[in-house]
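Heads up, the thing below is written out as structure tokens.
Here is the naming used below: chain letters follow the sequence lines, and residue numbers restart at 1 for every chain.
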Amino acid sequence: MADEKKTRILITSALPYVNGPVHIGHLAGAYLPADIYARYQRLRGRETLFICGSDEHGVPILLRAREEGVEPQAIVDRYHLMVREAFEGFGMSFDHYGRTSAPLHHETSRDFFRKLAKTGVFVRKTEAQLYDPEAGMFLADRFVRGTCPACGHDDAYGDQCESCGRSLSPRELKNPRSAITDAVPEVRDTTHWYLPLGRMQSSLEAWLSGHEDWKPNVLGQVRSWLREGLEDRAVTRDLPWGVPVPEDVAAEASVDARGKVLYVWFDAPIGYISATREWAELRGEPEAWERWWKDGDSELVHFIGKDNIVFHCIIFPAMLQAHGDYVLPANVPANEFLNLEGRKLSTSRGWAVWLHEYLEAFPADYLRYALCTNLPETKDTDFTWRDFQARVNNELADTLGNFVNRTHSFALRAFGGKVPPLGKGGPEDRTLLEACAKTPARVGEAIEGFRFREALETAMALAREGNRYINEREPWKTRKEAPEVCASTLHAALQCAATLSVVLDPFLPASCRRLRAQLGLEGLRDSGPGGGLGSPSREGCFTWDDAAHPLLEAGAPLGDAGILFSKIANEEVEVQVAKLVEGGGEGREEDSGYVPLESPCAFEDFAKIDLRAGRVVSAVKVPKSRKLLRCEVDLGFEHRQILAGVAEHLAPKDLEGKRVVVVANLAPRKMMGLVSEGMLLMAEDREGRLAPVTTDLEPGSVVR
RNA sequence: GGCGGGGUAGCUCAGUUGGUGAGAGCGCAGGAUUCAUAACCCUGAGGUCGACGGUUCGAGUCCGUCCCCCGCUACCA
């Protein structure tokens with residue numbers, strides 16, 4: 001239940017990570033529910049602010065920029081724009097949509113960090129790491145190559161030697177070099193700041209104990225983390241892309257701040273705050289943001305997907321608590337995941353419906369409806385195009401659209417385009433009007449409990465009741481026999497349509513606006529951006545609760561007719577399904593689903609690999625492992641034990657007896673306590689299916 | 001493997017603190033109707049509530065074990 005004591009409500013949707021476009025899975029998790037909630041709160045008349053923005057830092061964006069040979073800023077500029085426009089087309093009613101590369105975000109994050117540093121919240125740890133003087137940056141372990149101290153192999157990674165399987169630390173390597181520039185790395189000490197979650201645990205637990213009413217999937221995850229005991233987390237990184245660590249803080253700790261940035265999960269949630277500040281500045285009231293973030297009367301609600309629970313329920317609250325000035329989330333109604341046609345969504349495989357592409361084909365409200373009827377509120381759910389079509393045709397068009405259309409067009413014809421009077425009204429009329437009166441509260445109760453499917457179903461039930469009512473009252477008969485009765489019927493039916501235009505507004509904002517125009521109904525508060533903020537025009541408008549009373553006055557003029565929802569033909573969804581199968585590759589345009597080619601490899605490098613034919617003598621699943629099969633392979637001159645990470649795709653019998661191709665000189669590697677002496681070559685198709693690469697020749701044969 | 005969330009009618013999903021004959025929408029079958037977007041309305045068929053034990057007068061709802069799906073994590077071809 002909503003806490004009516006709080007006077008204003010601050011709603012956030014997870015910041016999308018802009019290394020690609022947004023798809024329907026994102027919408028179902030963090031965006032559509034948040035938008036419905038925000039629009040509802042505005043219609044209720046509560047002071048409401050809805051905030052989101054692009055998350056633009058972190059390693060994946062840096063790597064993507066390197067791949068494409070452009071600056072990271074170019075990547076995030078591209079997707080920030082694309083994502084923002086797609087959200088707008090979908091009807092997301094953000095009061096502000098910011099971005100974490102904005103100067104104000106950098107300033108806000110740095111101030112936040114500075115405050116925690118100054119008040120002694122952080123601990124610092126210094127460790128020696130390798131530094132690339134040419135690239136001017138510290139090297140992650142896998143970016144260091146060199147000679148293995150144990151076996152002399154000259155191309156070992158910084159974390160492990162592939163030749164002897166030994167785990168290493170980068171500093172143990174002889175003749176180390178940078179994998180980026182080939183420069184000889186220097187050993188330098190690097191210091192990082194840590195958020196000591198361990199010692200913050202009890203205060204977090206105290207806070208969480210006041211939130212036993214959160215969704216079970218959220219509480220379960222959170223309790224599990226607390227039971228395990230929280231560990232300190234580093235909040236800075238040696239990276240060239242991100243929010244720079246404040247120089248003054250670094251100087252005070254006698255640390256060189258150059259090349260150090262805030263870790264992305266530290267700065268990203270602060271994006272909620274900086275976007276609010278940006279909103280306030282644009283409004284010309286730079287201090288206005290503090291009301292939302294620092295006043296105890298403010299209720300903060302984060303909408304996210306289940307993968308984000310720990311950050312929003314533990315780490316960010318810990319940061320806010322440590323800072324001291326901020327309110328903590330009142331609720332974090334995380335959703336589970338949406339599947340697509342029975343398979344999980346995958347950006348890398350292109351198994352997704354991209355929002356910007358969807359919007360080229362169908363109206364936003366159709367998707368809003370279809371997704372909302374099937375939101376993954378308690379468990380993962382499945383989106384299919386066929387179901388989408390059925391929802392739109394059978395429910396939106398046939399049930400809702402047809403109800404308002406038959407009502408409206410009848411009134412236009414029979415009553416000269418004006419709302420007919422209720423007159424005395426019969427018991428049936430009063431029954432329908434009572435159903436209308438109860439609906440806003442019922443729908444609202446479900447929304448406030450974050451049960452959006454139930455809320456939409458409740459509203460749609462009123463449309464069904466309206467259809468039933470008209471069938472029973474048969475106004476086409478009473479029109480001539482008893483005109484006053486006919487007038488009462490149409491009056492009640494029009495009131496019902498008017499109620500629907502309000503209670504469905506959060507779900508179908510564009511369609512409900514059109515519906516109200518058809519009904520000649522004006523003066524509802526704006527559910528869109530700015531509608532939850534104080535403004536002169538807002539006063540005098542009617543609200544959600546007012547929809548419990550008849551909204552139309554007898555004699556008032558009706559607007560023009562029009563079809564609200566048109567049906568989707570089979571061919572239209574077939575096109576979408578076909579697009580899915582073909583486009584199995586990536587969000588990028590010309591990609592057909594094939595994995596992109598690796599960069600060229602010199603022949604000398606290729607020649608180092610010794611490929612042999614081998615016969616799989618036996619294959620058994622490695623106990624307690626999810627992916628590994630332990631194979632005994634006959635190479636003719638010897639038998640090898642090889643671990644293949646294919647158990648999710650292949651059964652042991654798929655390999656046993658097969659003559660396969662083996663990388664015979666691959667450095668041994670330990671996994672699950674077992675040594676793997678080589679690798680079985682596998683081919684993978686665009687659907688992700690695996691099959692061994694086989695040969696007819698005898699074991700030991702050389703493959704070139 | 002560890003931790004968390006799920007496995008309920010053909011399909012997609014609801015089922016609060018255990019208690020009248022287990023629900024909705026869609027799909028299907030039959031009927032009624034014609035104001036309306038070949039729409040609407042009524043009726044019906046349909047499930048041993050993942051499997052096996054247990055607690056209880058009584059369990060989809062609580063406990064235990066196992067199987068399958070998803071997320072985080074661990075050792076990711």
Euclidean distance, atom CH2 of residue Trp214(A) to atom P of rG4(B) [Å, nearest integer]: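 Going from Trp214(A) (CH2) to rG4(B) (P), I get 18 Å.
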
How many whole angstroms separate atom NZ of Lys379(A) from atom P of rG4(B)?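 After rounding, the gap between these two atoms is 20 Å.
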
Complement of rC26(B), any strand, by Watson-Crick or G-U distances under 3.5 angstrom: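 Paired with rC26(B), as far as the under-3.5 Å criterion goes, is rG10(B).
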
If pairing requires Watson-Crick or G-U wobble contacts with both distances under 3.5 Å, which nucleotide is the partner of rC72(B)?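 Paired with rC72(B), as far as the under-3.5 Å criterion goes, is rG2(B).
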
Distance to the ring centre below 6.0 angstrom and angle to the axis at most 45 degrees; does that hold for Arg368(A) and Tyr366(A)?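 So Arg368(A) doesn't make the cation-pi contact.
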
Would you kindly say whether Lys215(A) and Asn331(A) are connected by a side-chain donor-acceptor distance under 3.5 Å?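 Looking only at side-chain atoms, Asn331(A) and Lys215(A) do not form any donor-acceptor pair under 3.5 Å.
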
Determine whether the side chains of Gln201(A) and Glu205(A) contain a donor N or O and an acceptor N or O closer than 3.5 Å.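 The criterion, which ignores hydrogens and geometry beyond distance, is satisfied for Glu205(A) and Gln201(A).
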
Euclidean distance for P, rC70(B) against rG15(B) (whole angstrom):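 Those two atoms are separated by 22 Å.
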
Base, sugar-phosphate alone, or nothing: which one does Thr381(A) contact when heavy atoms must sit under 4.0 Å apart?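 The residue Thr381(A) makes sugar-phosphate contact but no base contact.
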
Select base, sugar-phosphate, or nothing to describe what Met679(A) touches, counting heavy atoms under 4.0 Å on all strands.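 Met679(A): backbone/sugar contact only, no base atoms under 4.0 Å.
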
Does Phe337(A) or Asp387(A) map to a spot on RNA chain B nearer the 5' end, using the closest nucleotide for each?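 Taking each residue's closest nucleotide, the earlier one in sequence belongs to Asp387(A).
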
Is there a side-chain contact between Lys215(A) and the phosphate of rG5(B), meaning an N or O under 4.0 Å from OP1 or OP2?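 For rG5(B), neither OP1 nor OP2 has a side-chain N or O of Lys215(A) closer than 4.0 Å.
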
Given protein heavy atoms under 4.0 Å, the one-letter contact record of nucleotides 31-42 of chain B, with B base, S sugar-phosphate only and - none, is simply ---SBBB-SBBS

Syn or anti for rG46(B), please, going by whether the chi angle lies within 90° of 0.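 Because its glycosidic torsion lies within 90° of 0, rG46(B) adopts the syn conformation.
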
